[in-house]
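For the single chain, residues carry numbers from 1 onward in sequence order.
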Amino acid sequence: MLKPERDGKELIERIDKRIRALSFHIQKYYWLDFTQLNNIYRYKTEEYSHTAVNKFNVIPESIPDWVFDFMPLRGGYLIGNVSPARMDFRWFLVGNCIAILSSLATPAQATAIMDLIEERWEDLIGEMPLKIVYPALEGHEWRTVTGFDPKNTRWSYHNGGSWPVLIWLLTAACIKTGRPQIAKRAIELIEQRLSKDGWPEYYDGKTGRYVGKQARKYQTWSISGYLVAKMLIENPANLPIISLEEDKKIAKPKLTRSISF
């Protein structure tokens, strides 16, 4: 929207510089795989100089137990959030797929995200694609984070529910990474039940076995998500409509931590 002349030129340069910093920050500090998890597990705290390894002073004891069992040797993902002393280790489907489609994730990270989906198929795909977030919040965390929202009980709605509409995002990400077989397998699962169940909005349960307790049926976005996924699988040439290529101008420079801030 900005013209590369007069004030627009200066603004474009500032935007490019900021995007480089933000991209570096997310790719570096929001990425989690087995190696990085092991590094965090062994972090020392109270490090404050520019040589600090634990740059956000994350307390290793804050790592939830489920992460150690969930993290495979092959694969990785971009986590929910990083803040002083704590990280949100949950898997979010939308964020990881959009990171691939926007080329925010590096090619190696995009491949690792697909690897993770294959390695943890039962957890992230289950019987009805797709799990919006993993794992679900329970007990005290559910009360404080969701505000006692009755729709967001564990493995329901936005708290670990399964949303068929998201099949188009997964399909697009699979095609971009050269892994269409993953999307085809998920689409086959959806085709077994979605139409018979009346195109519900979402599904409940750890594997997405049950139609959501408050799910509305004949949802146009559930239907549209399926149709877009089929369109992409049948003609991958449609992918550029919703996918961005890597911006070489932004991706090329190497940044240090100080510049990223």
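With no hydrogens or angles considered, a side-chain donor-acceptor pair links E191 and Y226 at under 3.5 Å. Looking at D204 and Y157, their side chains never bring a donor and an acceptor atom within 3.5 Å of each other. Side chain to side chain, T153 and K213 meet the donor-acceptor criterion of an N or O pair below 3.5 Å. Under 3.5 Å, the side chains of T45 and N57 contain no donor-acceptor pair of N or O atoms. Of the N and O atoms on the side chains of S103 and K176, at least one donor lies less than 3.5 Å from an acceptor on the other residue. Side-chain polar atoms of W121 and D123 form no donor-acceptor pair below 3.5 angstrom.
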Verdict with reasoning, R86 to V58, per side-chain contact (heavy atoms from CB on, under 4.5 Å): CA-CA 5 Å; R86 185 171 182 180; V58 173; over 6 Å; no
Criterion side-chain contact (heavy atoms from CB on, under 4.5 Å) on R90 and L137, from CA distance to verdict: CA-CA 10 Å; R90 286 178 295 170; L137 295 177; 3.6 Å; yes
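A side-chain donor-acceptor contact under 3.5 Å links K131 to the backbone of K206. Of the possible polar contacts, one joining the W142 side chain to the N152 backbone as a donor-acceptor pair under 3.5 Å is found. Using modelled atom types, no side-chain atom of S243 and backbone atom of P240 make a donor-acceptor pair closer than 3.5 Å.
Annotation for F68: atom CZ counts as buried by contact number, over 12 foreign heavy atoms lying within 6.0 Å. Residue Q181 places its CD atom among more than 12 non-hydrogen atoms of other residues, nucleotides or ligands, all under 6.0 Å distant. More than 12 heavy atoms of other residues, nucleotides or ligands lie within 6.0 Å of CZ in R120, so this atom counts as buried by the packing criterion. Other residues, nucleotides and ligands place no more than 12 heavy atoms under 6.0 Å from the CG atom of D65. The number of heavy atoms from other shown groups lying within 6.0 Å of OH (Y43) is above 12.
The distance between the ring centers of F92 and Y77 does not fall below 6.0 angstrom. You'll find the ring centres of Y134 and W155 inside the 6.0 Å limit. In this structure, the ring of W199 has its center no less than 6.0 angstrom from the ring center of Y218.
A salt bridge does not link E201 to R216: none of the charged nitrogens lies less than 4.0 Å from a carboxylate oxygen.
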